[in-house]
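So the structure is just underneath, and the comments pick up after that.
Keep in mind that what you see is a predicted model, and the values were worked out from it rather than measured.
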Amino acid sequence: MSDTRQQTRQLVVDRSACAGHGLCYSTSPQLIDCDDQGYPVVLKEFLSDDDMAAAEAAAAVCPERALTIESR
């Protein structure tokens, strides 16, 4: 029998690792904006299937590896 529970995925910012380069929100502005100090703010609480490519691109471009996609 297959498991029909759907996992929720979130894009998570490790603010202690983030250096505020801005590459994530310039790569994926539909998912990430910046605050007044230039640090990323995730715009969606949960990621849909349609959001995954943009979330993966934002995480991949971060030189500090401060963005991760977590499943719960």
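Considering all non-hydrogen atoms of both residues, H21 and P63 come closest at CD2-CG, 3.4 Å. Here the closest heavy-atom approach between residue A54 and residue Q30 is recorded as CB-NE2, 3.2 Å. The shortest non-hydrogen separation linking G38 to Y25 is O-OH, 3.1 Å. Closest approach of C24 to P40, counting heavy atoms only: SG-CB, 3.7 Å. Listed here is the closest heavy atom pair of Y39 and A19: CE2-C, 4.1 Å.
Taking CZ of R65 as the start and SG of C18 as the end, the distance is 13.0 Å to the nearest 0.5 Å. Remark: L47 CG to Q7 CD distance equals 12.0 Å, nearest 0.5 Å.
Between the side chains of D50 and S48, no donor N or O sits under 3.5 Å from an acceptor N or O.
Cluster membership check: V13 shares its hydrophobic cluster with M52, using side-chain heavy-atom separations under 4.5 Å among Ile, Leu, Val, Met, Phe, Trp and Tyr. Both I69 and L31 belong to a single network of hydrophobic side chains, linked directly or stepwise wherever heavy atoms of I, L, V, M, F, W or Y lie under 4.5 Å apart.
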Checklist line | Worked verdict on D14 versus T68 for side-chain contact (heavy atoms from CB on, under 4.5 Å) | finding: CA-CA 8 Å; D14 179 349; T68 56; over 6 Å; no
Check: Are F46 and T8 close enough, and set up right, to give a side-chain contact (heavy atoms from CB on, under 4.5 Å), and what steps lead you there?
Finding: CA-CA 6 Å; F46 300 108; T8 56; 3.7 Å; yes
Check: So S71 and R9, side-chain contact (heavy atoms from CB on, under 4.5 Å) or not? Walk me through it.
Finding: CA-CA 4 Å; S71 296; R9 296 165 296 195; 3.6 Å; yes
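Q10 pairs with exactly one of K44, E70, R72 by the side-chain hydrogen bond (donor to acceptor under 3.5 Å, both in side chains) rule, that one being R72. Of the listed residues (L67, L43, V41, T27), just one forms a side-chain contact (heavy atoms from CB on, under 4.5 Å) with I32, and that residue is L67.
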